[in-house]
Amino acid sequence: MLDPRLFRADLDYVKKQLSRRSFDFDSEYYSGLEARRKDIQVKTQDLQNERNSRSKSIGQAKAKGEDIQPLLDQVQHMADQLKDAEMELSDIQAKMTALMEGIPNIPDETVPDGRSEEDNIEISRWGEIPVFDFEPKDHVDLGAQQKRMDFELGAKIAGARFVVLNGALARLQRALIQLMLNTHVSEHGYSETYVPFLVNADSLRGTGQLPKFEADLFKASDDPALYLIPTAEVPVTNIVRDVIIEAKNLPLKLVCHSPCFRSEAGAYGRDVRGMIRQHQFEKVELVQIVKPEDSAKAHEELTQHAEIILKKLNLPYRKMLLCAGDTGFSSSKTYDLEVWLPGQDAYREISSCSNFKDFQARRLQARWRNPETGKPELVHTLNGSGLAAGRTLIAVMENYQDAQGRIHIPDALLPYMGGMEVIG
RNA sequence: GGAGAGGUGGCUGAGCGGCCGAAAGCGGCGGUCUUGAAAACCGUUGAGGGUUGAUUCCCUCCCAGGGUUCGAAUCCCUGCCUCUCCGCCA
C-alpha cells in the first residue's frame, strides 16, 4: 500500500508514476472519496466527543446524587445518530482501503519506462554459453532415461504441471538446496528459518497477494481460510507483521527453503513442456528487513547473493532490470536473473530480486524504532529467490549434459552427492 | 477429540459499569551521586488517526467481531489464540 499522505500531498505525481506501469489511477474517484471521508470522519468524531462529555457529566451528577433523568432525556437520540455516522464512516473507510489495496507500488526512479518484458534492460552477463558438438537435449529428454523425471507419474498422482523426481535427480535437487542454504547462511550472513507452508489471509494481504491475486493461489481450506504459499516470501516476511523492531536488530536477513504452490491461472498453454512452470516447486528464498536508507544497497547485495549461487554452479546467466510495466505489483524495483538453458536456446528467469521499500511494510505494519526520532517508522522489505531449485535443476541438467545424455555433477555439488560424479 | 483456566502497555501483573489509556514492579531513556561503573534516589517512558497557525483540541485502540447501556478493559454472545489435564498421534 502506498502512503496516503503522498496522495493528499501530490496526486498528480502519484498518477503520473502509476501511469508508467500502465496503471490508470482514477484520481477523480479518489478525490471524491477522500473528501467524503474527511467530512464524515470529522462529523463522527464530533458526535463521539459530545457523547463522551455528556456521559461523563451524567456520571458526575449521579455521583453527587442529583436527578439524572433530564440529562438522560437530552442524550436520547444521540446513540442513533452516532451509530449512523459510525456506519457511514466505516463504509467509506472500507471503500478507501479497497481502492488503496488495489494500487501497485510506484516504480523507483532508476526503473526504466516500458510496457512489457521486451523493454527490460540487460545489466550484465556472466559465464560462457556452452558449445556442444552434438545437438543438446532439453531436460525433459535428459530426464526421461530410467524415468528419473516422470511427468506422466506426476499427472497420475496429481495432474498436469506436476512431476515426480526419482533417484539421482531427486538427490541432485536436494544437493542444490543444500548448497544454496549453506552458502547463504555461512557466507552471506542469513539466518535460516522454517515456516508454515499454509498461511492465513492476513499474511497474504500483508505481502500483497491478496486481495488482488487470489486466483494465482491454491486455497487449502475455507474454515479457517488457509492458502498454500506461492513463495516463502509470504510466511517469512510476515514474521515482522505488527512488530516494532529495535534498530540494533536491523538488518534482518532470513533464508528459507520451501515448496511453492501456484495455480498458474492465466498461464494456460505457456511452458507446458517440462519442469519450467509447475504447480509445485522448491525454492530457497532470501528476505531482508532493513532501515529505509539501506534498502537500495541491500537490494544490490541480495541480488549478488543469488548471483553467487549461479557462479558457484558455473551456470551462464544475465541480469535484467525490469521496466516499469513488467515490475510486479508490490515491487518498486526488480532485477531478474536469467539462466542459460541450452535445451531452449534461451535465457530463462531463475531468480527475481525485489525492493518493496515501505509498500509491504505499510500493509504489514512492520516498523523499526528510529533512535533519532524515538518513533516507530516503517521498515523496507526485500526478497529474492536464491534460487528457484526446480529451474536450477533444469539448468544444471541441460548445461552439464554430454553426448551420451549423461549429466556431469558440478564441482560445487560433489560434496552433497555421496560420491556420485555423473548421472546416467 | 474431551475437560478446565486464561488473553490488559516492551515484559510481569492489578483493575467496583463512570474519577482508567489504565495501579505496581521490571526493562528502556534522562538526571543526581561516583575517577568510572554498580547500587541507591529523582524524573520520564504505548500506538494509530483527525484537526489546527500551534508541542491546540479531539477521536480510536485493554485478542478479534457483534450486543447490552447515557456510559464497557469491566456485563452478554461468537470466533481466534495460549496454558493445564485426559485421549490419540509423526
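Each chain gets a letter, A, B and so on, in the order its sequence line appears, and its residues count up from 1.
- Using atom C1' as the reference point in both A23(B) and C16(B), the two lie 14 Å apart (nearest Å).
- Base pairing analysis places G18(B) opposite C70(B); the two distances defining the Watson-Crick or G-U wobble pair are each below 3.5 Å.
- Under the 3.5 Å distance criterion, the side-chain polar atoms of Ser263(A) are matched with a main-chain donor or acceptor of Ala215(A).
- Legend: residues meeting salt bridge (Lys or Arg N to Asp or Glu O under 4.0 Å) with Lys95(A), ordered by chain and number and at least two apart, are Asp91(A).
- The nearest pair of heavy atoms linking Lys283(A) to Thr231(A) is NZ-OG1, 2.9 Å.
- Checked against Gln360(A) for a side-chain contact (heavy atoms from CB on, under 4.5 Å), the options Thr207(A), Asn238(A), Asn105(A), Leu378(A) give a single hit: Thr207(A).
- Applying the ring pair (Phe, Tyr, Trp, His ring centres under 6.0 Å) definition to pairs two or more places apart or across chains, none involves residues 220-267 of chain A.
- Both distances falling under 3.5 Å, in either a Watson-Crick or a G-U wobble arrangement, occur for no nucleotide opposite C88(B).
- Between Arg8(A) and the phosphate of G49(B), there is no side-chain N or O to OP1/OP2 separation shorter than 4.0 Å.
- Taking atom C1' on both U82(B) and U44(B), the two are 33 Å apart, rounded to the nearest angstrom.
- Under the Watson-Crick or G-U wobble criterion, with both distances below 3.5 Å, C33(B) has no partner in any strand shown.
- Between His188(A) and His184(A), the ring-plane angle classifies as tilted under the 30° and 60° cut-offs.
- Taken residue by residue, residues 28-40 of chain A places heavy atoms nearer than 4.0 Å to RNA chain B at Arg37(A), Lys38(A).
- An OP1 or OP2 oxygen of C58(B) is reached within less than 4.0 angstrom by no side-chain nitrogen or oxygen of Asn49(A).
- With a cut-off of 3.5 Å on both Watson-Crick or G-U wobble distances, the partner of A24(B) is given as U12(B).
- Note on residues 244-254 of chain A: no pairs pass side chain to side chain donor-acceptor pair (under 3.5 Å), not counting sequence neighbours.
- Residues Pro230(A) and Leu204(A) form a side-chain contact, since some pair of their non-hydrogen atoms from C-beta on lies under 4.5 Å apart.
- In this structure, the CD1 atom of Ile92(A) is 16 Å from the C1' atom of G49(B), given to the nearest Å.
- Heavy atoms of Asn52(A) sit under 4.0 angstrom from primed sugar atoms or phosphate atoms, though from no base atom.
- With a cut-off of 3.5 Å on both Watson-Crick or G-U wobble distances, the partner of C83(B) is given as G4(B).
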Response to the item:
Once base and sugar-phosphate atoms are separated, protein heavy atoms under 4.0 Å mark nucleotides 63-71 of chain B, 5' to 3', with B, S and - as -----S-BS
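- A distance of about 34 Å separates the P atoms of G17(B) and G27(B), rounded to the whole Å.
- Applying the side chain to side chain donor-acceptor pair (under 3.5 Å) test to Lys357(A) and every residue at least two apart in sequence or in another chain returns Asp108(A).
- Among residues two or more places apart in sequence or in another chain, the salt bridge (Lys or Arg N to Asp or Glu O under 4.0 Å) test is passed with Arg273(A) by Asp138(A), Asp141(A).
- Rounded to a whole angstrom, the distance from the P atom of C83(B) to that of U12(B) is 14 Å.
- Toward the 5' end of RNA chain B, the nearer of the two residues Arg5(A) and Gln60(A), judged by each one's closest nucleotide, is Gln60(A).
- Here U60(B) presents its C1' atom at 15 Å from CG of Asp46(A), a figure rounded to the nearest Å.
- The two residues Arg21(A) and Pro107(A) make their nearest non-hydrogen contact at CD-CD, 4.0 Å.
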What N/O pairs connect the protein and nucleotides 45-47 of chain B at under 3.5 Å? Give each pair on its own line.
unit_1, atom_1, unit_2, atom_2, d
A47(B), O3', Arg367(A), NH1, 3.0

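- Distance, Gln41(A) CD to G49(B) P: 11 Å, rounded to whole Å.
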Using a 3.5 Å cut-off and no angle test, enumerate the donor-acceptor pairs between side-chain atoms of residues 413-421 of chain A and protein atoms at least two apart in sequence or in another chain.
unit_1, atom_1, unit_2, atom_2, d
Tyr416(A), OH, Asn182(A), ND2, 2.9

Protein-nucleotides 75-82 of chain B N/O pairs closer than 3.5 Å?
none

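- Between the P atom of G48(B) and the CE atom of Met1(A) lies a distance of 14 Å, rounded to the nearest Å.
- Residue pairs meeting the ring pair (Phe, Tyr, Trp, His ring centres under 6.0 Å) criterion with at least one partner in residues 196-221 of chain A, sequence neighbours excluded, are Tyr194(A)-Phe197(A), Phe213(A)-Phe329(A), Phe218(A)-His279(A).
- Separating the P atom of G18(B) from that of G67(B) is a span of 22 Å, rounded to the nearest Å.
- Here C29(B) presents its P atom at 16 Å from CG of Asn370(A), a figure rounded to the nearest Å.
- Side-chain contact between Gln48(A) and Leu82(A) is present, with at least one heavy-atom pair separated by less than 4.5 Å.
- Here His380(A) pairs with Ser295(A) under the side chain to side chain donor-acceptor pair (under 3.5 Å) rule; sequence neighbours left out.
- The partner of U55(B) is absent, by the rule that a Watson-Crick or G-U pair needs both atom distances under 3.5 Å.
- A distance of about 35 Å separates the P atoms of U32(B) and G21(B), rounded to the whole Å.
- Distance CD (Gln45(A)) to C1' (G49(B)): 7 Å, rounded to an integer number of Å.
- For the C1' atoms, the distance linking A64(B) with C58(B) amounts to 26 Å, nearest Å.
- Residue contacts for Arg362(A): at a heavy-atom cut-off of 4.0 Å it reaches no nucleic acid atom on any strand shown.
- The partner of A38(B) cannot be assigned: no Watson-Crick or G-U wobble pair with both contacts below 3.5 Å exists in any strand.
- Of all nucleotides present, only G46(B) satisfies the Watson-Crick or G-U wobble test against C61(B), with each distance under 3.5 Å.
- When each of Leu210(A), Val234(A), Leu228(A), Ile229(A) is paired with Leu217(A), the side-chain contact (heavy atoms from CB on, under 4.5 Å) condition holds for Leu210(A) and for no other.
- Across the C1' atoms, U52(B) and G43(B) are found 31 Å apart, a figure rounded to whole Å.
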